[in-house]
Student: 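One structure, pasted below without further comment.
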Protein chains: 2
Amino acid sequence: MEGKQRTAASPSDAISALDDLISTSVVGQQEFARNLGLSMTDLICFAHVLEAGDSWVTAGDLAARAHVTTGAVTGIINRLERGGFVTREPDPADRRRVRVAAVPAAADRVQAVYGPYHARLAELFTQYTPDEIAIVTDWFTRAAAVARVYLDESCAP
Amino acid sequence: MEGKQRTAASPSDAISALDDLISTSVVGQQEFARNLGLSMTDLICFAHVLEAGDSWVTAGDLAARAHVTTGAVTGIINRLERGGFVTREPDPADRRRVRVAAVPAAADRVQAVYGPYHARLAELFTQYTPDEIAIVTDWFTRAAAVARVYLDESCAP
DNA sequence: GAATTTATCTTAGATGCTAAGGAAATCGCA
DNA sequence: TGCGATTTCCTTAGCATCTAAGATAAATTC
């Protein structure tokens, strides 16, 4: 049992389509960040904090992830803290470090902004079979891993 | 005939994976832009100019696409022009307008920066069947359209 | 326990954005 | 046609955020 017919696509077609999606998504991220009173970099860092779940990340982790200097991270955490998105406290185990943890309610605030957009994407997925969704999801996961490896490599010569 | 087995994924799993990919890609775009001596917004605008092919776009088109003010676009075009990425000339048909066109060789310069990363993605695609690539490509195209519609709607109240 | 390394913060300066407004070209309607 | 309204881009002032360089304090090494 197959899904609907689609026109054939080469990898380079796929990459072009992806570039377009990324480009549009960057603009979208800017808007989401603005709606939350944050900068785009702030939002990327907060996503990383959320990913840590009930745990926490350090300021240095955020600098590495967002590819910004530690000086910039100080400002980022200041804004996230002032906005009630994260808490900052010194790590008792290593008092040079700063533990940044998500404020539980903040995830909902971000979700409220992403929600309407995510709903549109979910609607798009109704046109796809579970198998197809699995393929797409798998690709996202691998591509993100590829991108992260590439970023780490190409900036540590 | 099926591709390899994949773990099942719900739409919300897919969206989470996508969010992660987007987040990483934003950082990647920052790096690419830096390698070209541009800002991320400059690069997004130049992508839009490239998309126009042998044609051209106006300054206002770029402002709408990148969601920045027309004042910012003046600076963006200045940098792209100074960097040899685009030409700027008044539109003879409507002399208020400015025609922004890509310098032919500039596409290659950008490609040189994206190339190594695209090669990694192409490598990833070798693990997918043509049918699967078609599904993924199709999804990218539709998602980009969804995102653009959403952006246009949510910023024109 | 002194020297080195690590992690964060501070400061000064540069960059890129917005908001507001101006100038020139076009449109639209009497 | 003529003249006000609109569109398009540019300019300016001010603000937010980044980098680079260096300071500070804590941990690690030998």
Side-chain angles (χ1 to χ4, degrees), chain A residues 26-46 48-49 56-83 85-101 155-156, chain B residues 26-46 48-49 56-83 85-101 155-156:
Chain A
V26 169
V27 177
Q29 290 281 359
Q30 300 251 31
E31 288 303 319
F32 290 142
R34 174 180 310 212
N35 285 349
L36 290 162
L38 298 173
S39 78
M40 194 168 57
T41 313
D42 298 345
L43 193 51
I44 286 172
C45 287
F46 185 57
H48 188 212
V49 174
W56 43 268
V57 300
T58 67
D61 291 336
L62 296 180
R65 184 82 156 215
H67 281 220
V68 294
T69 61
T70 61
V73 169
T74 299
I76 290 167
I77 300 176
N78 286 345
R79 290 188 294 273
L80 287 173
E81 193 179 29
R82 185 163 0 104
F85 294 92
V86 304
T87 57
R88 161 161 47 188
E89 58 178 329
D91 183 344
D94 180 346
R95 297 221 306 281
R96 291 169 305 178
R97 287 197 171 127
V98 166
R99 289 184 175 181
V100 180
C155 301
Chain B
V26 170
V27 178
Q29 290 280 0
Q30 300 251 30
E31 289 302 321
F32 289 142
R34 175 179 310 213
N35 286 348
L36 289 163
L38 298 173
S39 79
M40 193 167 58
T41 313
D42 298 345
L43 193 50
I44 286 173
C45 287
F46 185 58
H48 188 212
V49 175
W56 43 268
V57 299
T58 68
D61 291 337
L62 296 179
R65 183 82 155 214
H67 281 218
V68 294
T69 62
T70 60
V73 169
T74 299
I76 290 167
I77 300 176
N78 286 345
R79 290 188 293 274
L80 287 174
E81 193 178 28
R82 187 165 355 106
F85 293 92
V86 304
T87 57
R88 163 161 48 188
E89 57 178 329
D91 183 344
D94 180 345
R95 298 220 307 281
R96 292 168 305 178
R97 287 199 170 124
V98 165
R99 290 183 174 180
V100 180
C155 301

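Lettering of chains follows the sequences in order, A, B, ..., and the numbering in each one begins at 1.
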Student: Does the side chain of A:Arg65 reach to within under 4.5 Å of the side chain of A:Cys45, using non-hydrogen atoms?
Tutor: no

Student: Starting at CG of A:Asp94, measure out to CZ of A:Arg99 and round the result to the nearest 0.5 Å.
Tutor: 9.5 Å

Student: Which pairs of donor and acceptor atoms, one on a side chain in residues 26-33 of chain B, lie under 3.5 Å apart (sequence neighbours left out)?
Tutor:
from    : atom 1 : to       : atom 2 : distance (Å)
B:Gln29 : OE1    : B:Tyr114 : OH     : 3.0
B:Glu31 : OE2    : A:His67  : ND1    : 3.0

Student: In whole angstrom, give the distance that lies between atom CZ of A:Arg97 and atom C1' of D:dA26.
Tutor: 11 Å

Student: Write down the distance between CD (A:Glu89) and C1' (C:dT8), rounded to a whole number of angstrom.
Tutor: 15 Å

Student: A side-chain contact here means heavy atoms from C-beta on lying under 4.5 Å apart; do A:Leu43 and A:Leu36 qualify?
Tutor: yes

Student: At under 4.0 Å between heavy atoms, which parts of nucleotides 9-26 of chain C does protein reach? Answer with one letter per nucleotide, 5' to 3': B base, S sugar-phosphate only, - none.
Tutor: BB-----SSB-----BBS

Student: Can you name the closest pair of heavy atoms from A:Phe85 and A:Phe46 and give their distance?
Tutor: O-CE1, 3.2 Å

Student: Using whole Å, report how far CZ of A:Arg99 lies from P of C:dA7.
Tutor: 15 Å

